[in-house]
Amino acid sequence: MTRRVLARFLLAWAAVTLVLAGAVNVSARGTRSPLPSRAVQTWALDALDAAVARREAPRAPDAARQFRAAGPIVAYAWARGVPLGRFVGDASLAGTVARAAAHFRADPLLRAEPHVETTLALTRSRTPFVRALAVPFADGLGLVPLRDGLLAEFDGKRAVITPDEMLADGTYDRGLPTPIPDLTLGANVPALVDRLARDVGSEPRELAARGHVERIVVATIARTVYPRARRVDAESLLDAATIGARFLLRHQSPDGRFTYVYDGRTGAPADAGYSTPRHSGATYFLALLGNETGDADARRGARRGLAFLMERTRTCGDTARLCVVEDDGSVDFGGSALAAVAASAYLEGGDDAAVRAFLAGVAAFLRGQQRVDGELMHGFDRATGRPVDIQLMYYSGEGALALALAGRALHDARDTTAAERVLAHLTGAGWDFFGSRYYYGEEHWTCSAAAAIRESADTRVALDFCRRWAEWNRRLQYGPNETPWAIGGAYGAGNVVLPRLTPVASRSEAFVSTYELAVKNGVRDDALRPEIEAGLAALLRYQWDPGPTWLFADPEGARGGIPGSPADLTVRDDYLQHAGCAMVRWAHLLRSGRRTWASP
Amino acid sequence: MTRAHRILGAVDLLVGAMLAAADLLALPMRWLPIDALLLSLAALFLVAGGALLAGVAWARRVALAAGGVALLAGLALTTALVLSAAHLFGLYGPVGQGGAVLLGVVAALIVPYLVLLPAAQLWVLLPARKGAR
């Protein structure tokens, strides 16, 4: 062997790898067949509905008779979020609808259901399902959530799993755990292949050896469109916030407690514990909406939420200092801080002696937790009556906002001064280290706190910090067609992770605050408004209004919820909190009509 | 022994030690296929490095074997990574900044040690023409 042979070998390897990569890429993309017209889609659903109701089916239009999908079409009759009726047809739309209609018409289970919703899953492309790639976890990432399903054929038998079924089963975003809480991604492919094998009467190994599994790109045809694009203006934002508040109120018990996690698939609470900070945040949102729109129900709900917190209040040290405690008696700093935020917002809508006394006590507790350098201590030992100097995620920003709003509501300069000192620390010395311009934490509360003191304090340093944070996030914000999903405006660092909606909500709210700060300081930042409105558009798009109703056990109960992600059918109370606050606060700016450098 | 052989010997010792450390210290658990592959490769580099520095007669042949095995393993791994990336790009579209950084980091971990270095070693040790040394 010579150097020349080595060079030729390396060049040949590079060329072959490049060609293979191109072929693999093209194969993965596939070619998607067109969808039938909306009129044909409506006919298909009408025909299935007529069968379920045992009415005469409408006649198929010519376009429906001619339409062929790229693969099997599956017809569903959903009741209470479950596909009670399911018919797997071939590629012919008219043929599949006719046979599915006959199937549904004869189904006694469907006859007994008071409300049935029909949908169709239409195969748009078929490509080989590639497994065992070299990128870690590529197996679980081989199915694009909400778009891809699986098709298996074995011994003349065929089985299909569609995206709606995976969504209903909670299969998406559950395949690969990560070290980050709340973040899992990918599909559980072995479980899916196992199900396909069972459906065709085989074993996974046998299916792999003698049959084949394909990845199918599927479009759902349903009466309700989800996600649904909506314009971003004051009216639509307040409408969305109001139906969000109605969701929270519907799931609030008389003692003020919210349903912590609502599961759309069962229409019932999921057993997931409770969080006082998140309860307080939801209460804050209701108070804010009540102040903005005069919504009396929202205000009453906020008062009930505050009563729940006041019930859990104890003295912490000095008798004048009040804190919110957990069920086990331990002090909840974040819950206390956000309780003060909610109480302050409530008092802005009208006085209430009990709430005012509660707020004064919690504010005194928060002031007592402050260190000399401005930072807050997040622990408190009730046995010794002394603060414990630990720092937890979010809590300093929450404490700063609590003190800022309490200072405003109670006209107490001590609270405002304490808030200014926390902020000076958080946006100055607290975030000043090598590399601090390239990395940021969760700063939404910090920027909201800065906006809350903008009328009384010098906020130029905070504005600079919040604008840098907004710019950093802007680089992570998806454009309209950057991902396989209609998720433009959301934030993420790579397409394989389906973006979460809660960070969109918290950032949007914080950037509304940053906008307010910029206006106050006379600093022009033309990039803020598009960033805020793109985020709000994403939230409006994915709010359950009415959402994928066929997947819900109780569509009316689910209305107004905002899920954790597009592939999530649960709503935690704080998912609505930041989204609702961002909507109300941006609507307020739009409605205020103030002439600013970029007057909304 | 030429100066180039001495440099190669030192580099091989370093790479062998790094591969052994990567397997024994960096990996959290023992897994026979990976342990066997990495430790065999490490041993090959250590022997080749020692032999090149000592100037023994069979040093060149062992160094060629070490470079060849490492290069083949590196090329296979790189091919698999490139094909996986091409597949994911096809499925999800542009992978975004985060994905690009991740793939860049993976490439930076593999290409210098398992492609460029072994290729350079073979280049130095192989004759320019047939029959030449």
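Chain naming here is simple, since letters A, B, ... match the order of the sequence lines and numbering starts at 1 in each.
Applying the ring-ring contact (aromatic ring centres under 6.0 Å, His included) test to A:Phe511 and every residue at least two apart in sequence or in another chain returns A:Trp469. Applying the side chain to side chain contact (heavy atoms under 4.5 Å, CB included) criterion to A:Leu18, with sequence neighbours excluded, gives no partner residue.
In this structure, the portions of A:Leu20 lying under 4.5 Å from any heavy atom of chain B include both its backbone and its side chain.
Near-neighbour residues of residues 66-75 of chain B relative to chain A, defined by a heavy atom under 4.5 Å from a heavy atom of that chain, comprise B:Leu71, B:Leu72, B:Leu75. Of all residues spanning residues 113-125 of chain B, those with a heavy atom less than 4.5 Å away from chain A's heavy atoms are B:Ala119, B:Leu122, B:Trp123, B:Val124, arranged by number.
Using modelled atom types, one side-chain atom of A:Thr123 and one backbone atom of A:Pro72 make a donor-acceptor pair closer than 3.5 Å. A:Arg541 contributes a side-chain N or O that, together with a main-chain N or O of A:Ala486, makes up a donor-acceptor pair within less than 3.5 Å. Side-chain atoms of A:Arg500 come within 3.5 Å of backbone atoms of A:Leu498 as a donor-acceptor pair (strictly under, hydrogens ignored). Side-chain atoms of B:Arg6 never come within 3.5 Å of backbone atoms of B:Leu53 as a donor-acceptor pair (strictly under, hydrogens ignored).
For the atom pair CD (A:Glu214) and OG (A:Ser125), the distance works out to 9.5 Å, reported to the nearest 0.5 Å.
For A:Glu471 and A:Arg467, the salt-bridge test fails: no basic side-chain N is under 4.0 Å from an acidic carboxylate O. Taking a cutoff of 4.0 Å between a charged side-chain nitrogen and a carboxylate oxygen, A:Arg195 and A:Glu165 qualify as a salt bridge.
Top candidate by heavy-atom pairs under 4.5 Å with chain B, chosen from A:Val217, A:Thr127, A:Val5, A:Val24, is A:Val24.
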